[in-house]
Number of protein chains: 2
Amino acid sequence: MALGKDYATQECSIARALEVVGERWTLLVVRDAIYGVRRYNDFLVHLGIPRAVLSDRLRTLTEQGILEKRRYQEAPPRDEYVVTERGTALWPALRALSQWGREHADAGRLRSFRHADCGGDVGPYGTCADCGTPVPVADVVMVPGPELDTAPEDPVSRALLRPKRLLEPLETEPAHLAD
Amino acid sequence: MALGKDYATQECSIARALEVVGERWTLLVVRDAIYGVRRYNDFLVHLGIPRAVLSDRLRTLTEQGILEKRRYQEAPPRDEYVVTERGTALWPALRALSQWGREHADAGRLRSFRHADCGGDVGPYGTCADCGTPVPVADVVMVPGPELDTAPEDPVSRALLRPKRLLEPLETEPAHLAD
DNA sequence: CACATGGGTTCAGTAAACGAACCGACAGTG
DNA sequence: CACTGTCGGTTCGTTTACTGAACCCATGTG
């Protein structure tokens, strides 16, 4: 991880995982990638992260095979960062953290997760509260809660005011349409 | 969290959770607490963490209600840090991270988790692979895997070479018995 | 041509982590 | 009583990381 000392001495798969995704901002970048954010600028404005740190995290996550950088247009050259299977495999951990946050750090509910097939809530074990089946990340729909800012600054937050199926690319308005 | 900038602008329960437990070392302290580590020195030698950082994390986690500091002997005064319900509620997140680590960052298996009642593996959704029921943290037994160091330096790692039921206090040998 | 956009890099200042040293209260040993 | 060791810390100088602002470059647009 760095800082002179890493967790390498730890014989523990939690430590190994945190060695990869435990740095500041890293899990939030992965979260956004799973939410469908793909472009540098969208990560930037949504996270409010310093550019140098974002560049570093995107590079590291790409090297780790959690994101994949790919050119989606040639002129001008533009790349996007798409979450890989290795990255989506972090979804259960993010979902569990989100659950804990809802129960122990939030006042109200900010967003919740629903099973796309039947509309049931995704329960504490990642299974659908209605139909009982485990919900894969691609079948999760994130729906906004009552405590969200209704007119956020950044276009990513605005796009996330509508229900959003995870993994699908997020469509943000071009900047010149901003109020 | 600090560093001048926190995640406070994030309307997201993952960010709220990471605001509390996202700092370096914090989740490993919670992990150890769930494994049954309770004493300052045991955290210290098992984690290999700088003392100042450990003191800070224990204080912060206590303030957050994730650990509870309590006096267990008067002369000399000795305190222990016991994980609270709020702390054990982080178990699903830790288990999911562990799962990811096993699949994507480990070579072999270091430790695994079993359902105490029936001996079945705790599966990817936190349910027992044998009997199918969700396994609460108190019913999890951690068993050592083949890749562990068989003669580790610190007494905590030595104690964890035997199967260990989570949450129960860990019994470490007194230092003068070390080889 | 001027200006905006996307995707970065560079750099100085600040905050955090590191590791070694130190400390106080007590217990056990000789 | 002195000596040694344990436990649970604090202090402090050094190294590393994060932050925020400025800058850069290629391209497209009015």
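Only this structure's heavy atoms are used, side chains among them; waters, hydrogens and symmetry mates stay out.
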Whole angstroms only, please: what is the [atom1]-[atom2] distance between [X] and [N]?
| X | N | atom1 | atom2 | result |
| --- | --- | --- | --- | --- |
| B/Asp79 | D/dC7 | CG | C1' | 11 Å |
| A/Leu28 | D/dC18 | CG | C1' | 15 Å |
| A/Arg24 | D/dG20 | CZ | P | 9 Å |
| B/Arg70 | D/dG8 | CZ | P | 15 Å |
| B/Asp42 | D/dT6 | CG | P | 13 Å |
| B/Glu23 | D/dC18 | CD | P | 12 Å |
| A/Glu74 | D/dT27 | CD | P | 11 Å |
| A/Ile49 | D/dG20 | CD1 | P | 11 Å |

Counting only side-chain heavy atoms from C-beta out, which of [options] sits nearest to [X]?
| X | options | value |
| --- | --- | --- |
| A/Tyr72 | D/dT19, C/dG7, C/dA17 | C/dG7 |
| A/Trp25 | D/dG8, C/dC18, D/dT19 | D/dT19 |
| A/Arg78 | D/dC18, D/dG8, C/dG7 | C/dG7 |
| A/Arg39 | C/dG7, C/dG8, D/dC18 | C/dG7 |
| B/Tyr40 | D/dG9, C/dT5, C/dC18 | D/dG9 |
| B/Pro77 | D/dC7, C/dC26, D/dC18 | C/dC26 |

Exercise. List the steps and the verdict of side chain to side chain donor-acceptor pair (under 3.5 Å) for B/Gln64 and B/Arg59.
Key: CA-CA 9 Å; B/Gln64 294 289 340; B/Arg59 182 165 24 78; over 6 Å; no
Quiz item: Any donor-acceptor pair under 3.5 Å joining the side chain of A/Arg51 to the base of C/dG7?
Solution: yes
For residues 117-130 of chain A, please give each side-chain donor-acceptor pair under 3.5 Å, one per line with the distance, not counting sequence neighbours.
| residue | atom | partner | partner atom | Å |
| --- | --- | --- | --- | --- |
| A/Asp121 | OD1 | A/Arg114 | NE | 3.3 |

Exercise. Fit a plane to each ring of A/Tyr35 and A/Phe113, take the angle between them on a 0 to 90° scale, and name the class: parallel (under 30°), tilted (30 to 60°) or perpendicular (over 60°).
Key: tilted
Quiz item: Closer than 4.0 Å, any side-chain N/O of A/Asn41 to the OP1 or OP2 of C/dG6?
Solution: yes
Quiz prompt | Residues forming a salt bridge (Lys or Arg N to Asp or Glu O under 4.0 Å) with B/Asp32, sequence neighbours excluded | solution = none
Quiz item: Can you check whether A/Leu167 reaches A/Thr88 side chain to side chain, under 4.5 Å on heavy atoms?
Solution: yes
Self-check item: Given B/Lys69, B/Arg70, B/Arg71, the one that forms salt bridge (charged side-chain N to carboxylate O under 4.0 Å, His left out) with B/Glu80
Solution: B/Arg70
Quiz prompt | A/Arg111 versus A/Met142, closest heavy-atom pair with distance | solution = CD-SD, 3.3 Å
Practice problem: Mind checking B/Tyr81 for me? I need base, sugar-phosphate or nothing, with any heavy atom below 4.0 Å counting as a touch. | Solution: sugar-phosphate
Exercise. Using a cut-off of strictly less than 4.0 Å between a heavy atom of the residue and any atom of DNA chain D, enumerate the qualifying residues of residues 52-60 of chain A by number.
Key: A/Val53, A/Arg57
